[in-house]
Amino acid sequence: MPELPEVEVVRRGLHEHVAGRTVAGVEVLHDRAIRRHLPGAADFTSRLADRTMVAARRRGKYLWVDLSDGDALLAHLGMSGQLLVQPADAPDEKHLRVRVRFADGGPELRFVDQRTFGGLALAEVVEVDGAVLPLPVAHIARDPMDPAFDPDAAVAAMRRRRTDVKRALLDQTLVSGVGNIYADEALWRSRLHGLRPTAKLTRAKAAEVLAHASQVMHEALGEGGTSFDALYVNVNGQSGYFDRSLDVYGQENRPCGRCGTAIVREPFMNRSSFSCPRCQPRPRGVA
DNA sequence: CTTATGACCTGCAAGC
DNA sequence: TGCTTGCAGGTCATAA
């Protein structure tokens, strides 16, 4: 599941349910789910066996579990991935891709993913700028919930970019964790159209949109994350409720909560952007 | 180096 | 009732 709050919900569940448990066996039911693990399924399975899961961690939308003897089990949920803790006798999910059984015979960890954009891998951990991260996560910027997140540095990096503010918000090498929903929400709160060029934002405005992104993600986390359907659930299969608190995302034709103007949907990168045409006017000279 | 554009998948809802 | 089209929370390799 997609954005930072949903991934954090999963991280907490993982930490609670798998930390301290030792892997007994792994079953890869769909090779694409471990495509980022270059040595392949046999290697993935054999190297995970007998390892103990130590702690669940996260940066942005990436999630991993530190393993005894070093290395980490890295996960990205892509668009439709789920990590579920299920009783061993529960029937297999339709899109079950990887199963991890534990030596204690308790509930197993399952990676379920309809669209297979997500996946698992074993990765070595490296130190980057004072943080210990799996190698494939080394290029991902700190997210706003990271205690070492530096707002001034993020503002500077954003204003250095020659692109539009929404693209910048979605760029995981500038600030991580923000996806299509929370980008639109942060822009609405900041009264900015997503096509505004970052280079022309004042320092204060850039800081404001980042602060709003952080704020809206915190609020969503407090509601257990955002979900419109059964695809976005925690490890126990439960959905969050933040979709009821969204101001613009998915609200096409509904009145803006500030001015009453109908929210519009515009195509953006093979997806959609939602905004209030009055509170968030398009920059001039942009199609 | 930076920035923009598809490609990668499956399933659902809407429209004809 | 089918069929087709569009759309979905993301990231990455590639090209300019």
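Keep in mind that what you see is a predicted model, and the values were worked out from it rather than measured. Each chain gets a letter, A, B and so on, in the order the sequences are listed, and its residues count up from 1.
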Please report, rounded to the nearest Å, how far the [atom2] atom of [N] is from the [atom1] atom of [X].
| X | N | atom1 | atom2 | value |
| --- | --- | --- | --- | --- |
| His139(A) | dT2(B) | NE2 | P | 13 Å |
| Met269(A) | dT11(C) | CE | C1' | 10 Å |
| Gln172(A) | dC12(C) | CD | C1' | 12 Å |
| Arg35(A) | dA13(C) | CZ | P | 10 Å |
| Arg162(A) | dA16(C) | CZ | C1' | 15 Å |
| Asn180(A) | dA8(C) | CG | P | 8 Å |
| Leu231(A) | dA8(C) | CG | P | 14 Å |
| Leu170(A) | dA4(B) | CG | P | 12 Å |

With respect to the phosphate group of [N], does any side-chain polar atom (N or O) of [X] fall under 4.0 Å of OP1 or OP2?
| X | N | answer |
| --- | --- | --- |
| Thr116(A) | dT10(B) | no |
| Ser272(A) | dA8(C) | yes |
| His30(A) | dC9(B) | no |

Could you check whether [X] gets within reach of a base, just the sugar-phosphate, or nothing at all, counting any heavy atom under 4.0 Å?
| X | result |
| --- | --- |
| Phe242(A) | nothing |
| Thr226(A) | base |
| Phe228(A) | base |
| Arg167(A) | base |

Quick check on [X]: does its [atom1] atom have over 12 non-hydrogen neighbours (other residues, nucleotides or ligands) under 6.0 Å away?
| X | atom1 | value |
| --- | --- | --- |
| Tyr241(A) | OH | no |
| Asp104(A) | CG | yes |
| Arg35(A) | CZ | yes |

Under 3.5 Å, N/O pairs linking protein and nucleotides 11-15 of chain B:
unit_1  : atom_1 : unit_2    : atom_2 : d
dG11(B) : OP1    : Lys94(A)  : NZ     : 3.2
dG11(B) : OP1    : His95(A)  : NE2    : 3.3
dG11(B) : O4'    : Gln114(A) : OE1    : 3.3

Handout entry: Residues that, via side-chain heavy atoms closer than 4.5 angstrom, fall in one hydrophobic cluster with Val137(A)
Key =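 Reading the cluster by chain and number, Val137(A) sits alongside Tyr62(A), Trp64(A), Leu74(A), Val126(A), Val128(A), Leu133(A), Leu135(A), Ile140(A).
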
Tell me whether Phe117(A) and dT11(C) count as stacked here, given that the ring centres must be under 5.5 Å apart and the planes must differ by less than 30 degrees.
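Base of dT11(C): not stacked against Phe117(A).
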
With respect to the side chain of [X], which nucleotide from [options] is positioned closest?
| X | options | value |
| --- | --- | --- |
| His76(A) | dT11(C), dT10(B), dA4(B) | dT11(C) |
| Arg265(A) | dT11(C), dC7(C), dC9(B) | dC7(C) |
| Arg115(A) | dA8(C), dT5(B), dC12(C) | dA8(C) |
| Arg161(A) | dT5(B), dT3(B), dA8(C) | dT3(B) |
| Arg32(A) | dC9(B), dG6(B), dA8(C) | dC9(B) |
| Lys61(A) | dC9(B), dT3(B), dT11(C) | dT11(C) |

Complement of dC9(B), any strand, by Watson-Crick or G-U distances under 3.5 angstrom: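 Partner of dC9(B): none.
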
Exercise. Validate the cation-pi geometry between Arg97(A) and Phe111(A): distance from NZ or CZ to the six-membered ring centre under 6.0 Å, angle to the ring axis within 45°.
Key: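 The answer is no; the distance or angle limit is not met.
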
Checklist line | Side chains of Thr52(A) and Thr22(A), donor plus acceptor under 3.5 Å | finding: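 Result is yes, a qualifying pair exists.
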
Notebook entry, point to check: Do Glu8(A) and His218(A) get their side chains close enough for a donor-acceptor pair, meaning under 3.5 Å?
Noted result: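 Result is no, nothing qualifies.
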
- What's the verdict on side-chain hydrogen bond (donor to acceptor under 3.5 Å, both in side chains) for Thr116(A) and Arg32(A), showing C-alpha distance, side-chain angles and the deciding distance? CA-CA 7 Å; Thr116(A) 67; Arg32(A) 190 173 146 78; 2.8 Å; yes

| said: Between Arg36(A) and Ile181(A), which residue's closest nucleotide on DNA chain C lies nearer the 5′ terminus? | reply: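 Checking each residue's closest nucleotide, the 5'-ward one belongs to Ile181(A).
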
- prompt: How far apart are the closest heavy atoms of Leu29(A) and Arg99(A), and which atoms are they?
  reply: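 Heavy-atom minimum between the residues: CD1-N, 4.1 Å.
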
Practice prompt. Taking atom P in both dC9(B) and dA13(C), compute the distance separating them and give it to the nearest angstrom.
Written response: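 Rounded to whole Å, the distance is 14 Å.
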
